[in-house]
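Notes follow once the structure below has been shown.
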2 protein chains.
Amino acid sequence: MERPTIEELNLLHASVCQALGDPKRLSILYALDERPRNVSQLAADLDLPQPTASRHLQILRERHLVVPVRDGAAVIYHLAEPRVIAILDTMREILRDSLARQSGLVRIDRSPVRHESATSGMEPL
Amino acid sequence: MERPTIEELNLLHASVCQALGDPKRLSILYALDERPRNVSQLAADLDLPQPTASRHLQILRERHLVVPVRDGAAVIYHLAEPRVIAILDTMREILRDSLARQSGLVRIDRSPVRHESATSGMEPL
DNA sequence: ACCATGTATCCGGCTATCCGAATACATGGC
DNA sequence: GCCATGTATTCGGATAGCCGGATACATGGT
């Protein structure tokens with residue numbers, strides 16, 4: 001029942017964010033938001049090898065982002081937190097805005113922008 | 001000017017989440033939310049070596065989470081998006097709830113819980 | 001041009017993450 | 001018990017991440 005220190009909270013927080021930092025896991029979360037699924041269905045729907053789906057689900061499970069429910073021999077995974085999807089949606093909106101601003105035509109600022117652009121590209125994406 | 005495919009968006013999205021998946025970078029974002037700072041100040045305030053701070057800022061810059069503004073020889077970093085802090089705060093609340101639920105005494109469910117608990121611990125944190 | 005301050009990058013090493021393939025484990029039906 | 005189905009884990013290798021220390025680069029002042 002110990003209250004977590006700021007650093008511990010930061011660590012937990014980072015570990016959750018890191019779990020969200022993989023495209024396949026994002027797909028899994030969005031898929032489970034549509035409807036809960038067992039591992040094989042999920043793997044088939046997202047075109048992933050079953051062990052890969054299972055490993056990703058393990059990570060999401062550890063971070064308490066999904067919840068497993070046994071159903072006979074199968075395990076149906078549910079989203080643990082609807083709010084997480086809301087968060088992800090907000091991030092996508094921010095991303096969209098950012099892309100729009102970036103890809104052009106927009107110049108809201110009043111300053112001519114010196115040459116910082118060279119260091120702020122999003123190339124590796 | 002191409003509209004991003006779902007997969008590309010997912011990739012961008014994941015890369016942003018991944019940038020949030022490090023405790024030091026979270027600290028940096030929260031610090032910059034308090035007030036914009038240059039690299040050295042930030043490094044001093046968070047007790048990080050200057051190169052470390054700079055590298056983390058580079059990552060946050062690439063993902064458009066912070067914005068650099070030159071001020072003489074210094075570079076003052078600003079948060080690019082207040083909404084990101086709102087998102088992080090929401091995640092912390094979710095985390096808090098999750099910890100509360102976990103650390104006990106709570107049993108809201110009506111089902112006796114079989115033995116799934118063995119596979120859903122958050123040990124490595 | 002030179003110096004002081006502030007920032008970014010390079011280097012080497014370590015750790016963590018991701019993957020495919022194979023394999024082990026669990027559950028329910030017979 | 002055995003089998004079929006569904007799930008989790010292990011192994012090995014490749015990739016990517018994080019770090020400290022040293023160093024290069026940039027800017028403004030003299």
Side-chain angles (χ1 to χ4, degrees), chain A residues 10-11 14-28 32 36-63 66-78 114-121 123-125, chain B residues 10-11 14-28 32 36-63 66-78 114-121 123-125:
Chain A
N10 244 11
L11 214 59
S15 85
V16 170
C17 287
Q18 196 225 20
L20 302 176
D22 180 278
K24 291 173 184 170
R25 287 197 287 268
L26 289 178
S27 300
I28 290 175
L32 293 182
R37 262 172 269 223
N38 66 23
V39 181
S40 308
Q41 281 173 350
L42 207 47
D45 293 349
L46 301 181
D47 198 36
L48 300 174
Q50 176 270 325
T52 297
S54 184
R55 266 185 281 117
H56 282 303
L57 284 166
Q58 180 189 16
I59 291 171
L60 295 173
R61 216 194 307 136
E62 285 170 358
R63 268 71 163 187
V66 301
V67 173
V69 176
R70 268 231 167 267
D71 175 32
V75 176
I76 299 177
Y77 280 91
H78 299 251
R114 302 192 213 183
H115 34 214
E116 313 147 16
S117 47
T119 58
S120 49
E123 325 80 39
L125 308 177
Chain B
N10 244 11
L11 212 61
S15 85
V16 170
C17 287
Q18 196 226 20
L20 301 176
D22 180 277
K24 291 174 184 170
R25 286 197 289 268
L26 289 178
S27 301
I28 290 176
L32 293 181
R37 261 171 270 224
N38 66 25
V39 181
S40 308
Q41 281 172 349
L42 207 46
D45 293 349
L46 301 181
D47 199 37
L48 300 174
Q50 176 268 326
T52 297
S54 184
R55 267 185 281 115
H56 283 303
L57 284 166
Q58 180 190 13
I59 292 172
L60 295 172
R61 216 195 306 134
E62 286 170 356
R63 269 70 162 188
V66 301
V67 172
V69 175
R70 268 233 168 266
D71 175 33
V75 176
I76 299 175
Y77 281 90
H78 299 251
R114 301 190 212 183
H115 35 211
E116 312 147 18
S117 48
T119 59
S120 50
E123 324 80 38
L125 307 178

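We use all heavy atoms of the structure for the numbers below, so side chains are in, but hydrogens, waters and symmetry mates are not. A, B, ... follow the sequence lines: proteins, then strands. Residue 1 opens every chain. On a predicted model such as this, the values are computed, not experimentally measured, just so you know.
- What you find for A/R61 and A/V66 is that their closest heavy atoms are N-CG2, 3.7 Å.
- The shortest distance between the side-chain N/O atoms of A/T52 and the OP1/OP2 oxygens of C/dC18 is not below 4.0 Å.
- Using a 4.0 Å heavy-atom criterion, one finds that A/Q18 contacts the sugar-phosphate atoms exclusively.
- Proximity note for A/S54 (side chain, C-beta onward) versus C/dG6, D/dT7, D/dC19: the nearest is D/dT7.
- Straight-line distance from the CG atom of B/L11 to the C1' atom of D/dA16: 14 Å, rounded to whole Å.
- Following rounding to the nearest Å, B/L42 (CG) and C/dG6 (P) show an atom-to-atom distance of 14 Å.
- The side chain of A/A74 sits closest to D/dT7 out of C/dA8, D/dT7, D/dC19.
- In this model, the phosphate group of D/dT9 is approached by a side-chain N or O of A/Q58 to a distance below 4.0 Å at OP1 or OP2.
- In terms of phosphate contacts, A/R70 brings no side-chain nitrogen or oxygen within less than 4.0 Å of OP1 or OP2 of C/dA26.
- Residue B/R55 places a side-chain atom within donor-acceptor reach of the base of D/dG20, judged by atom type and a 3.5 Å distance cut-off alone.
- As judged by a 4.0 angstrom heavy-atom cut-off over every strand, B/I76 is placed among residues making no nucleic acid contact.
- Distances shown here put every side-chain N or O of A/H56 at or beyond 4.0 Å from the OP1 or OP2 atom of C/dT17.
- Each of A/A73 and B/N38 was matched to the nucleotide of DNA chain C holding its nearest heavy atom; the match closer to the 5' end belongs to B/N38.
- Between the CG atom of B/L48 and the C1' atom of D/dG21 there is a distance of 15 Å, given to the nearest Å.
- Residues B/P51 and A/L57 each lie close to DNA chain D; by heavy-atom proximity, the contact nearer the 5' end of the strand is made by A/L57.
- Residue A/Y77 places no side-chain N or O under 4.0 Å from the OP1 or OP2 atom of D/dG6.
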